[in-house]
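Heads up: the structure comes next, in structure tokens.
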Amino acid sequence: MSTVAHEAPVKPARVDLDRGLPASEALTWLRKGWRDFTVQPGASLAYGVLVFAVSVITIWGLFAFGFDYILFPALAGFMVVGPVLAIGLYEKSRRLAEGRRASLAGMIFVKAASTGQILFTGALLMMLMLVWMRAAVIIYALFFGWQPFVPGLGPIMAMLFGTPLGLAMLVVGSLVGALFAAFSFAISAFSIPMLLDRRVDAFTAMGKSMALVWNNLPVMLAWGAIVLALFLASLVTGLLGLIITFPVLGHGTWHAYKAIAQEE
């Protein structure tokens, strides 16, 4: 009688997504982003000017059509869709790493490995931004009821910072906005560069992006803090700072992707 040997089931290898990078590595990404900005700077500057122009036109449209009451949620929403807008900057950094020249046309008309999936991811992020803006309106209604919003930036600032209800609403709105920003940052930090670089579907890219952010939390928190600080600095300059900060951050994000989302 023959004896059948029973082999133990083979367990799948564990994929370790923790790169063990210190928080200070975020400054290295920023320096590399600046380096890419200074190589063929005309293309990056022009790209920054385009982002600045789109931002100004959008804000002008909010005031022109009476939607100025969602100005602050809209500015916060910029952080949600920013990774999609930066895809041309990722492309320039990728070309520089491959020893190729980068042009503004090549940065605008990007040939991505997963073009359709990038459009789908962009649509999802836009929907997330709209949900956040609707949540901001609901938060206002919870604090002020049916009281109409007084148009104009002055009355808005006075209401937010000059009344107890306004300050309370500002705190609650900031906390809710932080949750939206954290979620959008987690799903988009690496998914857009990944879709540019590899043939992968949107949900896989977003899921892997979230896992990579979670497993490399110290350095990603540091990078998120840098992104937020430079964005706030750009707001102080009337968004003019976006002409430089946005390209530098976009290039830096590509290097963050290459450092963390490397092939297992």
Side-chain angles (χ1 to χ4, degrees), residues 17 19 21 25-26 28-30 32-37 39-48 50-51 54 78-129 183-213 215-216 219-220 223-224 226-227 231 242 245-264:
L17 300 177
R19 306 304 183 210
L21 297 175
E25 186 68 14
T28 301
W29 300 339
L30 186 64
K32 290 182 177 179
W34 174 255
R35 182 196 63 196
D36 286 358
F37 175 82
V39 177
Q40 302 173 32
S44 294
L45 275 173
Y47 202 95
L50 287 175
V51 171
V54 170
F78 182 86
M79 302 286 288
V80 176
V81 298
V84 180
L85 297 177
I87 187 170
L89 300 165
Y90 308 153
E91 174 66 8
K92 178 187 172 182
S93 290
R94 179 171 73 160
R95 291 191 177 201
L96 291 178
E98 294 173 352
R100 297 188 290 155
R101 285 191 58 81
S103 64
L104 181 60
M107 294 167 65
I108 295 175
F109 303 102
V110 178
K111 294 181 180 179
S114 305
T115 304
Q117 297 299 311
I118 287 180
L119 295 175
F120 180 65
T121 305
L124 289 178
L125 291 174
M126 285 296 297
M127 288 179 60
L128 182 62
M129 178 179 174
F183 178 71
S184 64
F185 177 74
I187 65 174
S188 63
F190 300 123
S191 61
I192 304 300
M194 189 179 298
L195 291 168
L196 171 66
D197 194 38
R198 311 178 194 172
R199 293 186 61 84
V200 63
D201 67 272
F203 288 112
T204 298
M206 288 187 289
K208 189 166 186 179
S209 177
M210 182 174 290
L212 287 166
V213 169
N215 283 278
N216 298 274
V219 67
M220 293 310 300
W223 181 244
I226 290 173
V227 171
F231 177 68
L242 285 177
T245 60
F246 191 82
V248 171
L249 289 173
H251 294 314
T253 299
W254 175 259
H255 290 286
Y257 160 73
K258 296 303 288 186
I260 289 184
Q262 53 191 302
E263 298 282 0
E264 284 80 25

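Just so it is clear, the structure is predicted and the values come from calculations on it, not from any experiment.
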- Message: Is the shortest side-chain heavy-atom distance between Ser209 and Met194 below 4.5 Å?
- Response: no
- Task: Report the C-alpha separation of Phe246 and Leu89 in whole Å, then their side-chain angles, then the decisive distance to 0.1 Å, and conclude whether the side-chain contact (heavy atoms from CB on, under 4.5 Å) test is met.
- Result: CA-CA 9 Å; Phe246 191 82; Leu89 300 165; 3.7 Å; yes
- Message: In the structure I gave you, are the side-chain heavy atoms of Ile260 and Val213 within less than 4.5 Å of one another anywhere?
- Response: no
- Message: Quick check: do Gln117 and Val200 have side-chain heavy atoms less than 4.5 Å from each other?
- Response: no
- Query: Is Arg94 salt-bridged to Glu91, cutoff N-O under 4.0 Å?
  - Reply: yes
- Task: Output, in order, the C-alpha distance, side-chain angles, deciding distance and verdict of side-chain contact (heavy atoms from CB on, under 4.5 Å) for Tyr257 and Leu196.
- Result: CA-CA 11 Å; Tyr257 160 73; Leu196 171 66; over 6 Å; no
- Message: What's the separation between atom CD1 in Ile187 and atom CE in Met210, rounded to the nearest 0.5 Å?
- Response: 6.0 Å
- CZ of Phe190 to OG1 of Thr253: how many Å apart, nearest 0.5 Å? 8.5 Å
- Please report the C-alpha distance between Ile192 and Val84 in whole Å, then the side-chain angles of each, then the deciding distance to 0.1 Å, and finally whether the side-chain contact (heavy atoms from CB on, under 4.5 Å) criterion is met. CA-CA 7 Å; Ile192 304 300; Val84 180; 4.0 Å; yes
- Can you tell me if Asp197 uses its side chain to pair, donor with acceptor, with the backbone of Pro193 under 3.5 Å? no
- How long is the span from the OG atom in Ser184 to the CE atom in Met129, to the nearest 0.5 Å? 10.5 Å
- Query: What is the minimum heavy-atom distance between Ser44 and Pro247, and which atoms define it?
  - Reply: O-CG, 3.4 Å
- Task: Examine distances only and state if a side-chain atom of Lys92 and a backbone atom of Val39 form a donor-acceptor pair shorter than 3.5 Å.
- Result: yes
- Message: Under the criterion side-chain contact (heavy atoms from CB on, under 4.5 Å), I'd like the reasoning laid out for Val54 against Leu85: C-alpha separation, chi angles, the key distance, then a yes or no.
- Response: CA-CA 10 Å; Val54 170; Leu85 297 177; 5.9 Å; no
- Query: So, for Tyr90 and Pro83, which heavy atoms are closest and what is the spacing to 0.1 Å?
  - Reply: OH-O, 3.3 Å
- Leu195 side, atom CG; Phe120 side, atom CZ - distance, nearest 0.5 Å: 11.0 Å
- Item | Separation between OG of Ser191 and NZ of Lys208, rounded to the nearest 0.5 Å | 12.5 Å
- Could you pull out all residues at least two apart from Lys32 that satisfy salt bridge (charged side-chain N to carboxylate O under 4.0 Å, His left out)? none
- Message: Any non-hydrogen side-chain atom of Ile118 less than 4.5 Å from a side-chain atom of Val110?
- Response: no
- Task: Return the minimal non-hydrogen interatomic distance between Leu212 and Asn216, and the atom names on each side.
- Result: O-ND2, 2.8 Å
- Using the test salt bridge (charged side-chain N to carboxylate O under 4.0 Å, His left out), find all partners of Arg101 that sit at least two apart in sequence or belong to another chain. none
- Message: Is there a side-chain contact between Leu249 and Leu30 in this structure, where contact means two heavy atoms from C-beta onward sitting under 4.5 Å apart?
- Response: yes
- Step through it carefully: locate the ring centre of Phe37, locate the ring centre of Tyr47, and say whether they are under 6.0 Å apart. no
- Trp29 vs Trp223 aromatic rings, parallel, tilted or perpendicular, using cut-offs 30° and 60°? perpendicular
- Task: Side-chain contact test, heavy atoms from C-beta onward, threshold under 4.5 Å: evaluate it for Leu125 versus Ser188 and give yes or no.
- Result: yes
- Query: Tell me, do Met220 and Phe185 make a side-chain contact under 4.5 Å, heavy atoms counted?
  - Reply: yes
- Item | Nearest heavy atoms of Val219 and Leu21, plus distance in Å | CB-O, 3.9 Å
- Message: Using every non-hydrogen atom in the two residues, find where His255 and His251 come nearest and quote the distance to one decimal.
- Response: CD2-O, 3.1 Å
- Query: Do Leu124 and Met206 come within less than 4.5 Å of each other through their side chains, counting heavy atoms only?
  - Reply: yes
